[in-house]
Q: 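Here's a structure for you.
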Amino acid sequence: MPEYNAPLRDMRFVMDELLDMTGSYAAYGLEDATPDLVSAILEEGAKFTNQVLSPLNRSGDEEGCHIENGVVTTPKGFKEAYQAYCENGWGSMTASPEYGGQSLPSSLGLIISEMVASANYSFSMYPGLSHGCAAAIAAHGTQAQKDLYLSKLTPGTWTGTMCLTEPHCGTDLGLIKTRAVPQADGTYKVTGTKIFISCGEHDMAENIVHLVLAKLPDAPAGTKGISLFIVPKFLPDANGEVGERNSLICGSIEHKMGIKASATCVMNFDDATGFLIGDINKGLNCMFTMMNHARLGTGMQGLCHGEASYQSALAYAKDRLQMRSLKGPAAPEKAADPIIVHPDVRRMLLTMKAFNEGNRALAYHTASLLDQAHYAAEEEARADAEAQLAFLTPICKAFMTDTGLEATLLGQQIFGGHGFIREWGQEQQVRDCRIAQIYEGTNGIQALDLLGRKVLGSQGKLLKTFTKQVHLLCKEVEGNATFGEYAKKLAQLNTQWGELTTAVGMKAMQNPEEVGAASVDYLAFSGYVVHAYFWLKMALVAQAKLDAGTTEVDFYKGKLATQAFYYQRLLPRAQAHAEALSAGASTLMDIAVEQF
């Protein structure tokens, strides 16, 4: 059975050597987040995910969730694992001490989430949705709502969900039909059906807090008429404990391709009692707090499955004997050579390694921006972090899940026929990974968000928040004997990035469909350049360590080899996307519907 081991050495490379995250913690005055404590948390997280969560991954997939009369039961071992997760404080790491949290930085919480999701993605969704729910209540709830719900969500006694879409509307939330009728006591009666509700019903916590989008009877049409409501499974009593059952039920659980141990529910609300959170008709603004949190977590899913698949594929490639090396026997004492000697297998492994480690650098950098936005003393620094987060979030969600699926598929391919067989674990990784490109806004929606709202909508300002950093790095490395040519290539792409943006923007002034036609390739181009930026930074760190006489020669040489591979084998893909996005909308829109 496949076994996940947290890649602590690479995690620490990004945390300590590339980003100096513990140094940032000290600068922000986070006295508890000492290097020793951070190291201990990483070690214990690795043990917990390896010993408790990883063994449940395949069995949870095999068993799935069960439903009977609206009651959902999770697979064997999940409830006990969740209790251990809560008792060990993993879910409360980043929350406020006021509600039982440990007030550790968001970036550290994300790194532990990477371990949890890599070991068992289905399990990770139960606490993951709760974190987003808590974030929305913390940002938009009344003090009474915070005191009641955060004191339960933080320790994991209660879990949370986000109830957005409905059978008829998909991403277009302006079409929702769920209604909320105001009552004399200030509550609302919520009626409607929500679908695809992750962890909407289960047996792991004593209560489930649903955040539900609905419209008041006199609400304006479209998204301007959406409000947000807290609708708990059990209504809290006068003491804030579980009271009477609310009028809602899980109608069914979806029969899914993957993440089968996560209950994806159809939730029926029938005059359920709800409590307004935030302002009337501003529900989508409130929910975006939760959705952006979820989009970063979804981007991590690509990294998590890619990493788990890589670990299995690498071990298999070193062990599996097939044919001889093209230049003669590499292991003459054996009947055949291990497949890792073959160029194509190395191509696949290096592609996985390059995407995984590039995505880790991107994800941890983005998590560090969350810290900066929250803890930086200067308003300008906080605003700069928010601007970078706005730009990078759709890239994280879409590019990390696109490349994560590619990496996972390559892992399956390395196994050959065994990759199609269940007991080797790769087919589950593929099934589980596939959803990440779809939910929390499909990757096509993320591309529209990046190009339309974030880049063109800011007149290029948000793009420049990142391209300026790329420019400064290229100027720093310019003329370097080892890395100067890489910096030159990156600088050319950085300039091209701006030129492509201007060209699309000019076309869009005449035809708005140009944005939709270019957006997916624009995001892909952006992702490849972002990865190139981080790979050059990682290579500079590795070379400095080698020059200083490190004893970890293989580790750092591996970084240099992977950086060279990325620039020479993967980065050229950016030009294909540049050509495609420059082709214009006519190639898509001139064909009549009848001609399809």
Q: List the atom of Ala119, the atom of Tyr4, and the distance in Å for their closest heavy-atom pair.
A: CB-CD2, 3.7 Å

Q: Heavy atoms, side chains only, cut-off 4.5 Å: are Val455 and Phe391 in contact?
A: yes

Q: Flag the pair Asp337 and Arg324 as a salt bridge only when some basic side-chain nitrogen lies within less than 4.0 angstrom of an acidic carboxylate oxygen.
A: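 Counted as a salt bridge, because a side-chain N and a carboxylate O are separated by less than 4.0 Å.
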
Q: Taking atom types as modelled, is there a side-chain donor on Glu579 or Gln575 under 3.5 Å from an acceptor on the other?
A: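 Note: Glu579 and Gln575 side chains miss the donor-acceptor criterion.
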
Q: Within a strict 4.5 Å, meaning less than it, do heavy atoms of the Leu490 and Tyr486 side chains meet?
A: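 SC-SC contact between Leu490 and Tyr486 ruled out.
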
Q: Measure the CG-CE distance between Leu303 and Met400 for me, rounded to the nearest 0.5 Å.
A: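 One finds 5.0 Å between CG of Leu303 and CE of Met400.
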
Q: List the steps, then state whether side-chain contact (heavy atoms from CB on, under 4.5 Å) holds for Leu560 with Thr482.
A: CA-CA 10 Å; Leu560 296 180; Thr482 305; over 6 Å; no

Q: Go through it in stages, so that I can follow the logic: the residues are Gln543 and Tyr556, the test is side-chain contact (heavy atoms from CB on, under 4.5 Å), and I'd like the CA-CA distance, side-chain angles, deciding distance and then a yes or no.
A: CA-CA 7 Å; Gln543 187 62 58; Tyr556 292 110; over 6 Å; no

Q: Atom OG in Ser124, atom CG in Leu129: separation rounded to 0.5 Å?
A: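 Nearest 0.5 Å value for the OG-CG distance: 9.5 Å.
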
Q: Determine whether Met93 and Ile41 satisfy the following criterion, side-chain contact (heavy atoms from CB on, under 4.5 Å), listing intermediate values before the conclusion.
A: CA-CA 10 Å; Met93 283 178 53; Ile41 287 172; 4.1 Å; yes

Q: Considering only heavy atoms from C-beta outward, does the side chain of Met21 approach that of Ser368 to under 4.5 Å?
A: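 Side chain of Met21 against side chain of Ser368, heavy atoms only: contact under 4.5 Å found.
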
Q: Using only heavy-atom distances, determine whether the side chains of Tyr439 and Gln301 contain a donor-acceptor pair under 3.5 Å.
A: yes

Q: Do Tyr25 and Asp32 have side-chain heavy atoms sitting under 4.5 Å apart?
A: no

Q: Under a 3.5 Å cutoff, is there a donor and acceptor pairing between the side chains of Tyr121 and Ser262?
A: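 Ser262 and Tyr121 do not have a side-chain donor-acceptor pair below 3.5 Å.
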
Q: Under the side-chain contact (heavy atoms from CB on, under 4.5 Å) criterion, do Leu581 and Leu451 qualify, and how do the steps go?
A: CA-CA 12 Å; Leu581 73 90; Leu451 179 56; over 6 Å; no

Q: Between Thr393 and Leu389 (side chain of the first, backbone of the second, donor and acceptor by atom type, cut-off under 3.5 Å), is there such a pair?
A: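 A pair under 3.5 Å: yes.
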
Q: Counting only heavy atoms not in Lys488, do more than 12 sit closer than 6.0 Å to its NZ atom?
A: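 Incorrect, the count does not exceed 12.
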
Q: Could you check whether Ser24 and Asp371, counting side-chain N and O atoms only, form a donor-acceptor pair closer than 3.5 Å?
A: no

Q: Do His531 and Ile395 make a side-chain contact, defined as non-hydrogen atoms from C-beta onward lying under 4.5 Å apart?
A: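 A side-chain contact under 4.5 Å is absent here.
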
Q: Could you pull out all residues at least two apart from Arg320 that satisfy side chain to side chain contact (heavy atoms under 4.5 Å, CB included)?
A: Tyr316, Gln322, Ile339, His418

Q: How long is the straight-line distance from CG of Leu536 back to CD of Glu476, given to the nearest 0.5 Å?
A: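 One gets 8.5 Å once the value is rounded to the nearest 0.5 Å.
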
Q: Minimum heavy-atom separation for Ile253 and Cys265, please, with both atom names.
A: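 Shortest heavy-atom contact: CG2-SG, 3.9 Å.
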
Q: Once the angle between the rings of Trp90 and Phe48 is folded into 0 to 90°, is it parallel (under 30°), tilted (30 to 60°) or perpendicular (over 60°)?
A: tilted

Q: Do the rings of Tyr566 and Phe355 sit parallel, tilted or perpendicular, given the 30° and 60° boundaries?
A: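 Geometry flag for Phe355 against Tyr566: perpendicular rings.
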
Q: Could you pull out the closest heavy-atom pair between Gln428 and Arg58, with the gap in Å?
A: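 Shortest heavy-atom separation between Gln428 and Arg58 comes out as OE1-CA, 3.6 Å.
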
Q: Is the count of non-hydrogen atoms from other residues, nucleotides or ligands lying under 6.0 Å from Gln413 atom CD greater than 12?
A: no

Q: To the nearest 0.5 Å, what is the distance between CZ (Arg569) and OG1 (Thr351)?
A: 8.5 Å

Q: For the residue pair Ile414 and Met352, establish whether any side-chain heavy-atom pair is separated by less than 4.5 Å.
A: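 They are in contact (side-chain heavy atoms under 4.5 Å apart), so the answer is yes.
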
Q: Closest approach of Cys304 and Ala117, non-hydrogen atoms and distance?
A: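 Minimum heavy-atom separation between Cys304 and Ala117: SG-CB, 3.5 Å.
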
Q: Considering non-hydrogen atoms only, spot the tightest contact between Thr264 and Phe196 and give its length.
A: CG2-CA, 3.7 Å

Q: State which residues pass salt bridge (Lys or Arg N to Asp or Glu O under 4.0 Å) with Glu44; sequence neighbours excluded, sorted by chain then number.
A: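 If we apply the salt bridge (Lys or Arg N to Asp or Glu O under 4.0 Å) test to Glu44, skipping adjacent residues, the hits are Lys47.
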
Q: First locate atom CG of Leu56, then atom OG of Ser122, and finally report the distance between them rounded to the nearest 0.5 Å.
A: 11.0 Å

Q: Between Asp203 and Thr74 (side chain of the first, backbone of the second, donor and acceptor by atom type, cut-off under 3.5 Å), is there such a pair?
A: yes

Q: For the atom pair NE2 (His577) and OH (Tyr522), what is the distance rounded to the nearest 0.5 Å?
A: 14.0 Å

Q: For Glu440, is there an ion pair with Arg295 - N to carboxylate O distance below 4.0 angstrom?
A: no

Q: Does the ring center of His202 lie less than 6.0 Å from the ring center of Tyr82?
A: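 So the answer is no for these two rings.
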
Q: Compare all side-chain heavy atoms of Pro75 with those of Lys260 and state whether any distance is below 4.5 angstrom.
A: no

Q: What are the two closest non-hydrogen atoms of Gly45 and Met115, and how far apart are they?
A: C-SD, 3.5 Å

Q: Quick one: does Asn120's side chain have a donor or acceptor within less than 3.5 Å of a partner on Ser54's backbone?
A: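 Judged by distance alone, no pair lies under 3.5 Å.
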
Q: Verify whether one side chain among Asn494 and Thr467 offers a donor that lies under 3.5 Å from an acceptor in the other.
A: no

Q: Check whether any side-chain N or O of Trp535 sits under 3.5 Å from a backbone N or O of Ala354 as a donor-acceptor pair, and report yes or no.
A: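 Flag set: sc Trp535 to bb Ala354 pair under 3.5 Å.
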
Q: Verify the distance criterion only: is there a donor paired with an acceptor across the side chains of Gln102 and Ser92 at less than 3.5 Å?
A: yes

Q: Verify, without hydrogens or angle tests, whether His131 (side chain) and Gly91 (backbone) share a donor-acceptor contact under 3.5 angstrom.
A: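 Flag set: sc His131 to bb Gly91 pair under 3.5 Å.
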
Q: So for atom CZ, which belongs to Arg573, do other residues, nucleotides or ligands contribute more than 12 heavy atoms lying within a distance under 6.0 Å?
A: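 Enclosed: over 12 neighbouring heavy atoms sit under 6.0 Å from CZ of Arg573.
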
Q: Does the side chain of Ile421 come within less than 4.5 Å of Phe415's, by heavy atoms?
A: no

Q: Is Glu552 salt-bridged to Arg12, going by a charged N under 4.0 Å from an acidic O?
A: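 Looking at Arg12 together with Glu552, the answer is no, because their closest N to O distance does not fall below 4.0 Å.
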
Q: Side chains of Tyr567 and Glu485 only: does a donor on one sit below 3.5 Å from an acceptor on the other?
A: no

Q: Are the aromatic ring centres of Tyr85 and Phe123 under 6.0 angstrom apart?
A: yes

Q: Is a donor on one side and an acceptor on the other found under 3.5 Å between the side chain of Lys397 and the backbone of Gly441?
A: yes

Q: Determine whether a donor-acceptor pair (N or O, by modelled atom type, separation under 3.5 Å) exists between the side chain of Gln311 and the backbone of Asn5.
A: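 Yes, Gln311 side chain to Asn5 backbone: donor-acceptor pair under 3.5 Å.
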
Q: Indicate yes or no: does Arg347 engage Asp344 in a salt bridge with an N to O separation below 4.0 Å.
A: yes

Q: I'd like to know if the side chain of Asn50 reaches the main chain of Ala46, judged simply by a donor and an acceptor atom lying under 3.5 Å from each other, with no hydrogens or angles considered.
A: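 Absent.
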
Q: Should the pair Lys537-Glu357 be classified as a salt bridge under the 4.0 Å nitrogen-to-oxygen rule?
A: no

Q: Less than 3.5 Å apart, any donor N or O on the side chain of Gln388 or Gln469 sitting next to an acceptor on the other?
A: yes

